[in-house]
There are 2 protein chains.
Amino acid sequence: MSDADIFKVLADPTRRAMLERLAGAEMTATELREGFAISQPAMSQHLAVLRGAGLISERRDGRYVNYRVEAGGMAPLHEWLARYRAFWPSRIDGLKDLLKEMDQ
Amino acid sequence: MSDADIFKVLADPTRRAMLERLAGAEMTATELREGFAISQPAMSQHLAVLRGAGLISERRDGRYVNYRVEAGGMAPLHEWLARYRAFWPSRIDGLKDLLKEMDQ
DNA sequence: ACGACTCATAAGTCTGTGCTTATGTGTTGC
DNA sequence: GCAACACATAAGCACAGACTTATGAGTCGT
């Protein structure tokens, strides 16, 4: 999977919602599926796509597979976005505060 | 066009390439088309999509239309990405340097 | 060992979308 | 006025991708 395709991966609203849930806590595919009106294979396919893009990682535990957001998976997105820094929103100030906060 | 669909808009490689060219300089649709193996209507349709997402703006000049990247158009993307700050790449340091640089 | 369970893969269907050609709308210059 | 030009819109086609059901592969508890 090419880095450039991260946009295609994130274009699907279901996958974005999955990421959001996984960002809160690591969980199994079945746990993740709760709240989604989607079949188990569809979920599995989405997980494979997210995995392929390096956005999540898996940890096998018996017959369960625990998924979690992969730190740094958004790096290609950051890099792409950095090229448009001249057009960044003025609320970039919020970002500065954020970084200051992260230092502590 | 919903903000959430910015990923769908950016998922197309042609549209991303168009943005990249427009980031360098404002130009007309015909100028922008140079170097793209694509028909004029296709280009026009892509421009409409980018315009609808608030990523570019147009300035009519007679029979020409000049397009340019709209500052702040990436804001929804920044906001979305900010929610994953816990998973940001460690090269976030580069971003810090960037912000410091922007202050000067 | 065997049934229940978790997850992945296969195969087929259907919708969305990016492309094309054809045409419409408005502008410029002779 | 009219031909050439810049761009937008319409209509139709073709492929990509997200979904389904069916099935496979591996694991757990009894």
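These values consider heavy atoms only, across backbone and side chains, with no hydrogens, waters or symmetry-generated copies. Residue numbers begin at 1 in each chain, while the letters A, B, ... track the order of the sequences.
Residues B/L32 and B/Y67 form no side-chain contact, since every pair of their non-hydrogen atoms from C-beta on lies 4.5 Å or further apart. Side-chain atoms of B/L19 and B/R15, non-hydrogen and from C-beta on, never get closer than 4.5 Å to each other. Under the 4.5 Å side-chain criterion, counting only non-hydrogen atoms from C-beta, B/V49 is not in contact with B/D12.
Distance CE (B/M18) to C1' (D/dC7): 13 Å, rounded to an integer number of Å. The CD1 atom of B/I56 sits 14 Å away from the C1' atom of D/dA8 (whole-angstrom rounding). When the C1' atom of C/dC2 is taken as reference, atom CZ of A/R63 falls 14 Å away, rounded to whole Å. Counting to the nearest Å, the P atom of C/dG18 and the CZ atom of B/R16 are 12 Å from each other. Rounded to an integer number of Å, the gap from CG of A/D5 to P of D/dG17 is 8 Å. Atom-to-atom, CE of B/M43 to C1' of C/dT20 comes out at 14 Å; the value is rounded to the nearest Å.
Pairing each heavy atom of A/L55 with each of A/M74, the nearest pair is CD2-SD, 4.0 Å.
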B/S/- along nucleotides 18-23 of chain D (protein heavy atoms under 4.0 Å) is SBBBB-

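One finds no side-chain N or O of A/Y64 lying less than 4.0 angstrom from the OP1 or OP2 phosphate oxygen of C/dA8. An OP1 or OP2 oxygen of D/dA6 is reached within less than 4.0 angstrom by no side-chain nitrogen or oxygen of B/Y67.
Around CZ of B/R21, the count of heavy atoms belonging to other residues, nucleotides or ligands within 6.0 Å exceeds 12. With a 6.0 Å radius and a threshold of 12 heavy atoms from other residues, nucleotides or ligands, B/R16 has its CZ atom above the threshold.
In terms of position on DNA chain D, the residue among A/D61 and B/R60 whose nearest nucleotide sits closer to the 5' end is B/R60.
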